[in-house]
Undergrad: 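Handing you a structure now.
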Amino acid sequence: MSSDTVESRSPQDPDEVVQVLPVADRSAVSRAVDAARDAARGWASGSALNRTQALTAAADQLAAQSERFADLMVREVGKPAGEAAGEVARGVGILRYFAQQALDPDGQTYPAPDGASLLMARRYPHGVVGLITPWNFPLAIPLWKAAPALAFGNGVVLKPSPYAIGCALELDNLLDGVLPNGLFSMVAGGAEAGEALVDSVDAVSFTGSVDVGRQVALAATGRHIPVQAEMGGQNASLVLPDADRDAAAASVAAAAMGYAGQKCTATSRVIVVGNPEPFTEALADAVRGLGVGDPGDADTVVGPVITEDARRKVLDAAEKARVDGGSFLTGGRAGDAHGHFVEPTLVTGLSPDAELAREEVFGPIATVLPARDVDEAVEISNGVRYGLVTSVFTRDLDRALELVGRLDTGMLKVNAPTSGVDFHAPFGGEKASSIGPREQGKAARDFYTSTRTITMSPLGA
Ligand code: NAD
């Protein structure tokens with residue numbers, strides 16, 4: 001270990017240090033990877049039933065400690081309590097789901113050309129998978145990567161965000177109790193620890209910002225190892241004139257501002273087709289009605305942003321929007337409370353080319369953009385470099401079906417918020433939002449294993 005440390009602090013009370021850990025230097029990272037590689041051999045060659053049992057035991061233990069994990073998440077990353085409890089429950093679900101997938105078929109057979117041989121394609125684990133994760137889903141993201149990696153026979157080394165090391169350490173402790181020694185471990189640190197991990201593992205799964213994801217993907221490709229990177233979004237909700245106005249406004253407000261907009265699936269652009277005024281007023285009312293404040297309070301929807309830098313970034317984006325001709329329907333200022341709070345901010349009057357309508361801010365700020373018709377709405381929606389998730393609010397099913405093929409997006413929701421992830425369905429985006437195969441659901445096996453094609457012929461054939 002190096003003598004440096006990394007610490008996480010509570011966003012609602014930045015004087016509170018939540019966790020301090022030594023930074024893992026290159027040799028510590030490589031020791032963790034070596035230990036995982038040693039343990040992974042027996043893990044992969046042993047019974048799949050063992051893997052099912054271990055992941056089920058992890059799910060049981062997480063369920064038994066859900067309150068403790070949720071409280072820690074509230075303190076460490078400022079996630080509103082209701083969402084934190086939901087994330088822990090989702091973590092339990094992810095572990096149970098992949099525990100069962102360990103028993104799914106692991107290959108296919110094909111008719112052999114000679115009629116006598118056995119020709120098959122079987123999936124094998126890579127060895128050790130490096131996971132590099134952001135802070136915003138400090139339990140669900142490490143788990144939706146680690147659970148399939150482990151279920152299919154890999155060892156895992158996790159490099160969590162420095163802002164979420166407390167949650168990662170608790171997860172590490174929990175998994176240590178149910179897995180073979182060294183099979184799963186975490187290394188703390190920032191970019192250097194992440195780079196060291198990419199340099200020593202057999203595959204990398206990354207979630208985070210576009211710039212870092214691209215660097216990670218380039219480094220991994222340079223080593224010829226499989227990589228997947230899930231990155232940012234500039235997600236749009238298209239509101240058609242026939243939409244249920246109040247229901248759409250409530251849904252969009254929560255998707256834009258919930259957890260202070262710090263979800264890759266948050267709504268950042270609200271594209272209103274036709275006369276924008278009635279919907280825009282309903283949306284502004286819905287945003288004003290959201291509970292803002294202490295994330296520990298049960299009725300809080302919008303808590304703090306993660307750091308002072310993040311708060312500055314949101315306020316700078318608001319100021320730039322003002323200079324670009326935008327006006328504020330709500331917010332535009334820092335919150336009054338101690339901690340990194342920003343008022344939920346809804347901006348109107350911007351061109352789709354304005355920076356706020358093009359780049360991810362990752363805070364409680366969204367812009368309303370009018371569109372003459374559906375064609376223009378599609379053009380605006382597709383006119384950014386991202387393509388993670390898009391939602392459409394309409395009662396016209398034919399229209400919705402037509403839009404499915406026209407929107408550049410990895411996920412499309414109709415009459416539902418852009419935010420929200422289903423761990424049993426493939427998850428990922430188009431364009432700059434993603435690199436590599438999809439995560440989660442049955443798609444996870446594609447990334448965490450590779451295919452070996454095997455021919456077995458009768459002796460003397
Ligand atoms: P980030 O890119 O700053 O950091 C992500 C991780 O990468 C952290 O663990 C960080 O320490 C590590 N890292 C930083 N530099 C590195 C380097 N050079 N090499 C290797 N690792 C390095 O992202 P963040 O601020 O933690 O998270 C917010 C971002 O994550 C947003 O852009 C958001 O959209 C995105 N996100 C995407 C998804 C998704 O599934 N698409 C989900 C959640 C968050």
Side-chain angles (χ1 to χ4, degrees), residues 6 8 11 21 23-24 26 29 76-77 79 87 90 130-145 157-165 167-168 186-201 204-220 222-223 227-235 259-268 305-307 309-310 313-314 359-363 384-389 409-411 418-423 425-440 443-444 447:
V6 60
S8 62
L21 289 175
V23 168
R26 275 199 170 253
V29 171
E76 189 170 49
V77 298
K79 179 162 293 205
E87 182 169 341
R90 188 196 306 180
L131 311 181
I132 300 177
T133 54
W135 52 268
N136 64 334
F137 287 88
L139 188 64
I141 293 180
L143 275 176
W144 80 49
K145 296 175 187 295
V157 178
L158 166 69
K159 209 293 294 161
S161 163
Y163 306 128
I165 48 172
C167 291
M186 71 165 272
V187 289
E192 278 180 33
E195 286 164 9
L197 189 62
V198 176
D199 285 346
S200 53
V201 288
V204 180
S205 181
F206 169 89
T207 298
S209 59
V210 168
D211 289 349
V212 177
R214 191 188 299 121
Q215 282 176 48
V216 166
L218 282 170
R223 293 192 55 235
V227 59
Q228 70 181 177
E230 284 305 332
M231 299 165 283
Q234 238 292 1
N235 310 302
Y259 191 19
Q262 301 170 111
K263 299 176 187 172
C264 56
T265 54
T267 301
S268 302
V305 294
I306 187 75
T307 58
D309 280 354
K313 190 175 174 197
V314 183
E359 284 305 324
E360 184 187 55
V361 177
F362 220 57
V384 294
R385 64 178 177 143
Y386 305 93
L388 191 58
V389 53
T409 187
M411 293 165 289
T418 54
S419 56
V421 174
D422 298 306
F423 61 76
F427 175 88
E430 300 289 330
K431 302 198 284 191
S433 292
S434 289
I435 295 172
R438 294 288 188 251
E439 295 203 85
Q440 308 191 63
F447 179 71

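Remember, predicted model here, so these are calculated numbers, not experimental data. Each ligand, and each atom within it, is numbered from 1 in the order the structure gives.
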Undergrad: With atoms numbered from 1 as shown, which atoms in ligand 1 lie under 4.0 angstrom from a non-hydrogen atom of Trp135?
TA: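 Going through ligand 1 atom by atom, the ones under 4.0 Å from Trp135 are 24 (P), 25 (O), 26 (O), 27 (O).
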
Undergrad: Give me the one residue out of Val314, Val305, Asn136 that meets side-chain contact (heavy atoms from CB on, under 4.5 Å) with Phe362.
TA: Asn136

Undergrad: So if I count the atoms of ligand 1 from 1 in the order they appear, which ones are less than 4.0 Å from some heavy atom of Phe427?
TA: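 So the atoms of ligand 1 that pass are 39 (C), 40 (O).
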
Undergrad: Which option out of Ser209, Gly208, Gly428 puts a heavy atom nearest to atom 2 (O) of ligand 1?
TA: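 Heavy atom nearest to atom 2 (O) of ligand 1 belongs to Ser209.
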
Undergrad: Any protein heavy atom sitting closer than 4.0 Å to atom 15 (N) of ligand 1?
TA: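 Answer yes: something from the protein, a heavy atom, is under 4.0 Å.
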
Undergrad: Check whether any side-chain heavy atom of Gln440 sits under 4.5 Å from a side-chain heavy atom of Asp422, and report yes or no.
TA: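 They are not in side-chain contact.
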
Undergrad: Does the side chain of Pro138 come within less than 4.5 Å of Glu87's, by heavy atoms?
TA: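 The answer is yes, as the side chains (C-beta and beyond) meet within the 4.5 Å cut-off.
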
Undergrad: Of all the atoms in ligand 1, which lie at a distance below 4.0 Å from a heavy atom belonging to Asn136?
TA: 43 (C), 44 (C)

Undergrad: Which residue from Lys159, Glu439, Glu230, Gln215 reaches closest to atom 11 (O) of ligand 1 through any of its heavy atoms?
TA: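 Comparing heavy atoms across Lys159, Glu439, Glu230, Gln215, the nearest one to atom 11 (O) of ligand 1 lies in Lys159.
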
Undergrad: Would you say Val210 and ligand 1 have an N/O pair spaced under 3.5 Å apart?
TA: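 Between Val210 and ligand 1 (N or O atoms, distance only) the closest approach is not under 3.5 Å.
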
Undergrad: With heavy atoms of Pro160 as the reference, note each atom of ligand 1 found under 4.0 Å away.
TA: 9 (O)

Undergrad: Give the residue, atom name and distance (to 0.1 Å) of the protein heavy atom nearest atom 27 (O) of ligand 1.
TA: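 Nearest protein contact, heavy atoms only, for atom 27 (O) of ligand 1 is Pro134 CB, 3.2 Å.
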
Undergrad: Return the residue, atom name and 0.1 Å-rounded distance of the protein heavy atom closest to atom 12 (C) of ligand 1.
TA: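 Its nearest protein heavy-atom neighbour is Ile132 CG2, 3.6 Å.
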
Undergrad: Is the Phe427 ring parallel, tilted or perpendicular to the Trp144 ring (thresholds 30°, 60°)?
TA: tilted

Undergrad: Between ligand 1 and Glu360, is the shortest N or O to N or O distance under 3.5 Å?
TA: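 Yes, there is a polar N/O contact under 3.5 Å.
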
Undergrad: With a cutoff of 4.0 Å, is Ile141 in contact with ligand 1, counting heavy atoms of the residue only?
TA: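 Checking ligand 1 against Ile141, which is what was asked, there is a heavy-atom contact under 4.0 Å.
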
Undergrad: Atom CZ of Phe206 and atom OG1 of Thr133: how far apart are they, to the nearest 0.5 Å?
TA: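 Taking CZ in Phe206 and OG1 in Thr133, the distance rounds to 9.0 Å.
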
Undergrad: Is Glu359 salt-bridged to Arg385, cutoff N-O under 4.0 Å?
TA: yes

Undergrad: With heavy-atom distances below 4.5 Å as the criterion, would you say the side chains of Leu388 and Glu230 are in contact?
TA: yes

Undergrad: Tell me whether Lys79 forms a cation-pi arrangement with Phe137, defined as NZ or CZ under 6.0 Å from the six-membered ring centre and within 45 degrees of its axis.
TA: yes

Undergrad: Which residue holds the protein heavy atom closest to atom 8 (C) of ligand 1, what is that atom called, and what is the gap in Å?
TA: Thr133 O, 3.3 Å

Undergrad: Within the 4.5 Å heavy-atom criterion, are Lys145 and Thr207 side-chain neighbours or not?
TA: yes

Undergrad: Can you tell me which residue and heavy atom of the protein come closest to atom 19 (N) of ligand 1, and the distance to 0.1 Å?
TA: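 Heavy-atom neighbour on the protein nearest atom 19 (N) of ligand 1: Glu195 CG, 3.5 Å.
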
Undergrad: Quick check on Phe137 - does any of its heavy atoms sit under 4.0 Å from an atom of ligand 1?
TA: no

Undergrad: Using a 4.0 Å cut-off to any heavy atom of Val212, which atoms of ligand 1 qualify?
TA: 2 (O), 7 (O), 13 (N), 14 (C), 15 (N), 16 (C), 17 (C), 22 (C)

Undergrad: How long is the span from the CD atom in Glu76 to the CD1 atom in Ile165, to the nearest 0.5 Å?
TA: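 Between Glu76 CD and Ile165 CD1, I get 6.5 Å after rounding to 0.5 Å.
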
Undergrad: Counting non-hydrogen protein atoms only, what is the nearest one to atom 28 (C) of ligand 1? Give residue, atom name and distance.
TA: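 Of every protein heavy atom, Phe362 CE2, 3.6 Å lies nearest to atom 28 (C) of ligand 1.
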
Undergrad: Give me the nearest non-hydrogen protein atom to atom 41 (N) of ligand 1 as residue plus atom name, then the distance to 0.1 Å.
TA: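 Answer for atom 41 (N) of ligand 1: Met231 O, 2.7 Å.
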
Undergrad: Can you tell me if Tyr163 contacts ligand 1 (heavy atom of the residue under 4.0 Å from the ligand)?
TA: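 Distance cut 4.0 Å: Tyr163 fails for ligand 1.
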
Undergrad: Students should be able to answer this: which protein heavy-atom is nearest to atom 39 (C) of ligand 1, and at what distance?
TA: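 Going atom by atom, the protein heavy atom closest to atom 39 (C) of ligand 1 ends up being Cys264 SG, 3.2 Å.
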
Undergrad: What residue among Leu197, Val212, Leu158, Ile141 forms side-chain contact (heavy atoms from CB on, under 4.5 Å) with Ile132?
TA: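 Exactly one option meets the side-chain contact (heavy atoms from CB on, under 4.5 Å) with Ile132, and it is Leu197.
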
Undergrad: For Pro162, counting its heavy atoms only, list the atoms of ligand 1 lying under 4.0 Å from any of them.
TA: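 Per the distance check, 11 (O).
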
Undergrad: How about CD on Glu192, more than 12 heavy atoms from neighbouring residues, nucleotides or ligands closer than 6.0 Å, or not?
TA: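 Not more than 12 within 6.0 Å, no.
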
Undergrad: From Asn235 CG over to Tyr386 OH, what is the distance, rounded to the nearest 0.5 angstrom?
TA: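 The CG atom of Asn235 sits 10.0 Å away from the OH atom of Tyr386.
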
Undergrad: Any atoms of ligand 1 less than 4.0 Å from a non-hydrogen atom of Val216? List them with their elements.
TA: 19 (N), 20 (C)

Undergrad: For ligand 1, which atoms, with element, lie under 4.0 Å from some heavy atom of Phe206?
TA: 2 (O), 5 (C), 6 (C), 7 (O)

Undergrad: Contact between Met231 and Ile435 at the side-chain level, heavy atoms closer than 4.5 Å - yes or no?
TA: yes

Undergrad: Between Ala191, Ala140, Gly130, which one has a non-hydrogen atom sitting closest to atom 17 (C) of ligand 1?
TA: Ala191

Undergrad: Decide, yes or no, whether a salt bridge links Lys263 with Glu360 under the criterion of side-chain N to carboxylate O below 4.0 Å.
TA: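 Salt bridge: no.
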
Undergrad: For atom 5 (C) of ligand 1, what is the nearest protein heavy atom, given as residue, atom name and distance?
TA: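 Answer, as residue, atom name and distance: Thr207 O, 3.8 Å.
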
